[in-house]
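The figures here come from the full heavy-atom set of this structure, side chains too, leaving out hydrogens, waters and symmetry mates. The structure displayed is predicted, hence computed values, not measured ones.
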Amino acid sequence: QVQLVESGGGLVQAGGSLRLSCAASGCTFSSYNMGWFRQAPGKERELVARISSGRYTYYAASVKGRFTISRDNAKNTVYLQMSSLKPEDTAVYYCAGRISNYGSYDYWGQGTQVTVSS
């Protein structure tokens with residue numbers, strides 16, 4: 001079955017950077033559309049960024065210009081490079097994958113905590 005495993009979270013000061021990774025297995029990764037989501041305490045889960053199988057990207061307005069999503073199909077991995085981090089970026093970050101270009105995501109990772117201190 002498809003498995004997604006995130007890594008790279010941690011504690012960082014405001015203005016700092018982190019790179020999240022999500023390793024996929026059990027699927028033809030290059031065919032999957034991938035996304036990064038986050039959920040802060042007491043808030044709904046929100047889309048942060050997504051990258052299609054054709055490498056088209058989309059970013060939420062709150063992270064555009066600070067975060068970069070990328071993928072390495074040879075390593076079955078999607079990345080989220082986060083820079084100029086703010087305390088409001090604190091959340092559990094999840095990666096997700098789907099075959100279709102639209103609709104809900106089929107597979108989810110377990111999440112990785114990102115905490116940005118002021």
Chemist: If you round to the nearest 0.5 Å, how far is OG1 of Thr90 from CG of Leu85?
Modeler: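 It is 8.5 Å, given to the nearest 0.5 Å.
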Chemist: Does Tyr94 belong to the same Ile/Leu/Val/Met/Phe/Trp/Tyr cluster as Leu47, with side-chain heavy atoms less than 4.5 Å apart forming each link?
Modeler: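 Same hydrophobic cluster.
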Chemist: Applying side chain to side chain contact (heavy atoms under 4.5 Å, CB included), run through Leu80 and Phe67 and close with a yes or a no.
Modeler: CA-CA 7 Å; Leu80 186 67; Phe67 290 11; 4.1 Å; yes
Chemist: Test side chain to side chain contact (heavy atoms under 4.5 Å, CB included) on Gln81 and Ile69; report intermediate values, then the result.
Modeler: CA-CA 6 Å; Gln81 178 68 49; Ile69 189 170; over 6 Å; no
Chemist: For Gly54, is there any backbone N or O sitting under 3.5 Å from a side-chain donor or acceptor partner on Ser52?
Modeler: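 Such a contact is found between Ser52 side chain and Gly54 backbone.
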Chemist: Does Arg71 make a cation-pi contact with Tyr79 (under 6.0 Å, within 45 degrees of the axis)?
Modeler: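 The answer is no; the distance or angle limit is not met.
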Chemist: Are Ser31 and Ile99 side-chain neighbours, meaning at least one heavy-atom pair lies under 4.5 Å?
Modeler: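 Ser31 reaches Ile99 side chain to side chain.
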Chemist: Check whether any side-chain N or O of Asn33 sits under 3.5 Å from a backbone N or O of Ser53 as a donor-acceptor pair, and report yes or no.
Modeler: yes
Chemist: Can you tell me if Ser62 uses its side chain to pair, donor with acceptor, with the backbone of Ala60 under 3.5 Å?
Modeler: no
Chemist: Please enumerate all residues that pass ring pair (Phe, Tyr, Trp, His ring centres under 6.0 Å) together with Phe37, with sequence neighbours excluded.
Modeler: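 Only Tyr105, Trp108 meet the ring pair (Phe, Tyr, Trp, His ring centres under 6.0 Å) criterion with Phe37.
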Chemist: Hydrophobic clusters here meaning ILVMFWY residues chained together by side-chain heavy-atom distances under 4.5 Å, can you tell me if Tyr59 and Leu18 are in one?
Modeler: yes
Chemist: Check for a donor-acceptor pair, side chain of Arg98 on one end and backbone N or O of Gly103 on the other, with a separation under 3.5 Å.
Modeler: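 Checked: pair present.
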Chemist: Find the distance between CZ (Arg19) and OG1 (Thr68) and round it off to the nearest 0.5 Å.
Modeler: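 That separation rounds to 11.5 Å.
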Chemist: For the pair Arg38 and Val114, evaluate side chain to side chain contact (heavy atoms under 4.5 Å, CB included) and give the outcome as yes or no after the intermediate values.
Modeler: CA-CA 9 Å; Arg38 67 186 180 187; Val114 172; over 6 Å; no
Chemist: Between CG of Asn76 and CE of Met34, what distance do you get to the nearest 0.5 Å?
Modeler: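 It comes to 9.5 Å.
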Chemist: Under 4.5 Å between side-chain heavy atoms, hopping through other hydrophobics if needed: is there a path connecting Tyr107 to Val48?
Modeler: yes
Chemist: Looking only at heavy atoms, which two atoms of Ala14 and Ser118 are closest? And how far apart?
Modeler: CB-CA, 4.4 Å
Chemist: Do side-chain atoms of Gln113 reach the backbone of Gly9 as a donor and acceptor pair under 3.5 angstrom?
Modeler: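 Not a single qualifying donor-acceptor pair exists.
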Chemist: Side chains of Tyr58 and Arg50: donor-acceptor distance under 3.5 Å anywhere?
Modeler: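 Checked: Tyr58/Arg50 side chains show no N/O donor-acceptor pair below 3.5 Å.
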Chemist: Supply the atom-to-atom distance Trp36 CH2 to Thr112 OG1, rounded to the nearest 0.5 angstrom.
Modeler: 7.5 Å
Chemist: SG of Cys95 to CD of Glu6: how many Å apart, nearest 0.5 Å?
Modeler: 4.0 Å
Chemist: Restricting to non-hydrogen atoms, name the atom on Val2 and the atom on Gly26 that form the minimum distance, rounded to 0.1 Å.
Modeler: CG2-O, 3.6 Å
Chemist: Nearest 0.5 Å, what's the CG-OG1 distance between Asp89 and Thr115?
Modeler: 11.0 Å
Chemist: Between Met82 and Tyr93, is a side chain to side chain contact (heavy atoms under 4.5 Å, CB included) present by the stated rule, with each step listed?
Modeler: CA-CA 12 Å; Met82 305 184 294; Tyr93 284 70; 3.9 Å; yes
